[in-house]
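What follows is a single structure, written as structure tokens, with notes after it.
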2 protein chains.
Amino acid sequence: MTERVKSATIADVAARAGVSQASVSRVLNGKSTVDPEIVRSVRRAVADLGYRPSLAARSLVQGRNQTVAMVVPDLENPLFQGILKGLSVAAAADGYRVLVADTVERVDEEEPTAIEARERCDAIVLCAPRLPADRLAKLTARVAPAVVVNRAVDGDAPVVGVDYARGIRDLVEHFASLGHRRLLYLAGPESSASNADRLRGVAEATAAHPGVEIRVAACGSRLDDGYAAADLVVSALREGVTGVLAFNDLVALGLLTRLRALGVDVPGAVSVSGFDDVPMAAFATPALTSLSVPRAELGAQVWSRLRALIAGEPAGHPVTYRPRLEVRESTGPAPVIA
Amino acid sequence: MTERVKSATIADVAARAGVSQASVSRVLNGKSTVDPEIVRSVRRAVADLGYRPSLAARSLVQGRNQTVAMVVPDLENPLFQGILKGLSVAAAADGYRVLVADTVERVDEEEPTAIEARERCDAIVLCAPRLPADRLAKLTARVAPAVVVNRAVDGDAPVVGVDYARGIRDLVEHFASLGHRRLLYLAGPESSASNADRLRGVAEATAAHPGVEIRVAACGSRLDDGYAAADLVVSALREGVTGVLAFNDLVALGLLTRLRALGVDVPGAVSVSGFDDVPMAAFATPALTSLSVPRAELGAQVWSRLRALIAGEPAGHPVTYRPRLEVRESTGPAPVIA
DNA sequence: CTGTTAGCGCTTTCAT
DNA sequence: ATGAAAGCGCTAACAG
């Protein structure tokens, strides 16, 4: 039987070192100056006892616990994974850890989950692309300090995000320069904020390129959604569409798979682009033209905002990253219409 | 200026309800029976004050904080992501949250990171495929309660994992039944425990199938590793190899991409298999034969062990999941050797 | 069934 | 520069 030993407390250290708890605390926290003699004896006692301070006690008295939470609708989503990674690595460098909460795409869980998660932490980052704007605004106020990812929000929570509209405009520019005049946008989930942003981009691009028509069709965000959209794409070809902008890479990849099976040449018969630049994009056949989003960088940026907020400083302006266009083989000159 | 209000404490609630703190605590925790009259007044006071108990205080007195940690070498790895998702969802159902710590593939960070993370939590799950066995054994003892993912470990920490060796044997069986007699295993990272398991599977399969030869070549675990291995595969073909077992799906996918570019027919000239059954596997061309691993299920299983351990119960036997063979188009009959 | 009273382990005035 | 002592907000004995 292993003896369940109660671990050493600061009182034990103080006793062993023959000093007061206050001195131990000072040595451990490097606050104010302490007699070198005491410092040494405290360090020795700490080592001898294998003392480790209780974080719970420290949290109680300090009111913070060096932890931040991140709420996401789906941990399986590569974007959130990348942000989480960037965030957790950056936070770790400052002695912070991150707690994750997955709301499994259930919008109504987001508020209670965020509130509960926030109670365990010093700050929170919200990824809630589907939550109605007014509820999100209320929520961010409730759980402040908070930073919001990938969508605008009323109130003073800082936002870090991706300029999806800009990405789409750059993409349309690319298609237009290749001679495409009729495009199809395969839309993502209807309630998604980032899909709305892309649609705004579509509208702006249409305004900017009077000669280019951009149709929109409902699709989705996953491989099978893209796969299933192939028929729709094929019939669009007959109506003069020569380029397809998929909501994201997964959709584009699924579409590519099915088009290949159908014998539709890409980019010969139709050009296809994705969004996100997942690792697989470069390895698709043909290699997928996409918009690269600095996921880990976003996470790091989220941390820098969070840290500022926790320190009580202003969080700075909202940042949005402009996606970088990665031109690969899946987009080419528009075919000459028969 | 928003007034920084100190939030209500249990004392405030007690005062407002005209009862003792103990009664408030009882009502809130549903311990023992309390006069309905008191229950109502406490609930009212709680609601009026918008009171929320301090988790820090509760942690201090109870010695636990309803949080578990998960240490991973790389959050970007789909396997760990899946486990994390399964774990966090299962844990959430029991009121637990999970804290993640990414050691960014730095083996020497694993111990300090695990120890530090464990101090913030009630238990921990260790994914440390590269950590030497003896160090892992010491570590699990140090941070107990702990569960280990995907590798055996000395001591009494429960293990939940995947039976990689068995998967490889099933795969070889599949290749053999298709008439393949000379195979090539593209190995993963050298120090990885799961690669060692697969190698064991290779050895076992070799013993079980005297007519089948399995060569091993160093490769890696990523798309580009597979891509880079194509030349090696091509020359192996000349030596009579007709089937390639890739370390995982990413390697297989990368290989497929390059083979396609080289004009090597799959499965006509060579059959290729992956491992993990990532979503993309089914959408590759040709669709990739793979071994499916129940990632979320693993996470849920991890939680059930963790919960038992936290409750002071025995954790039960180690579990290993046998991967399920998903036969798709990338494996076919062995070509007749010229 | 309810209230009183100790702490949980640490930080932080406040004296000295 | 150091120590004594007062909490942080809560739960859990222990009385009543």
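Below, chain A is the first sequence line, B the second, and so on; all start at residue 1.
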Q: Look at the side chain of B:L60 and decide which nucleotide, out of C:dC8, D:dT11, D:dG7, has an atom nearest to it.
A: C:dC8
**Q.** B:R135/B:E110 ion pair, N-O < 4.0 Å
**A.** no
Q: Specify the residues of residues 11-36 of chain B, ordered by number, for which at least one heavy atom lies under 4.0 angstrom from an atom of DNA chain D.
A: B:Q21, B:A22, B:S25, B:R26, B:N29
Q: Would you mind reading off the distance between A:I10 atom CD1 and C:dC8 atom P, rounded to a whole angstrom?
A: 14 Å
Q.
Rounded to whole Å, please give me the gap between CG in B:L55 and P in D:dG9.
A. 13 Å
Q.
Over the length of the helix from C:dC1-D:dG16 to C:dT16-D:dA1, how much do the five-pair end axes diverge, rounded to 10 degrees?
A. 40°
Q. Roughly how many Å is it from CG in B:L49 to P in D:dC10, rounded to a whole number?
A. 11 Å
**Q.** Candidate list A:N77, A:L298, A:V125, test side chain to side chain contact (heavy atoms under 4.5 Å, CB included), partner A:I83, passing option
**A.** A:L298
Q) Is it true that A:E111 and A:R142 make a salt bridge, defined as a side-chain N closer than 4.0 Å to a carboxylate O? A) no
(Q) Quick test of your reading of the model: are B:D12 and B:R16 salt-bridged, counting only N-O distances below 4.0 Å? (A) no
Q: Please determine if B:R130 and B:E105 form a salt bridge, counting it only when a charged side-chain N lies under 4.0 Å from a carboxylate O.
A: yes
Q: Measure the distance from CD1 on B:I38 to C1' on C:dT2 and round it to the nearest whole Å.
A: 6 Å
Q. Is there a side-chain polar atom (N or O) of B:R58 under 4.0 Å from OP1 or OP2 of D:dG9?
A. no
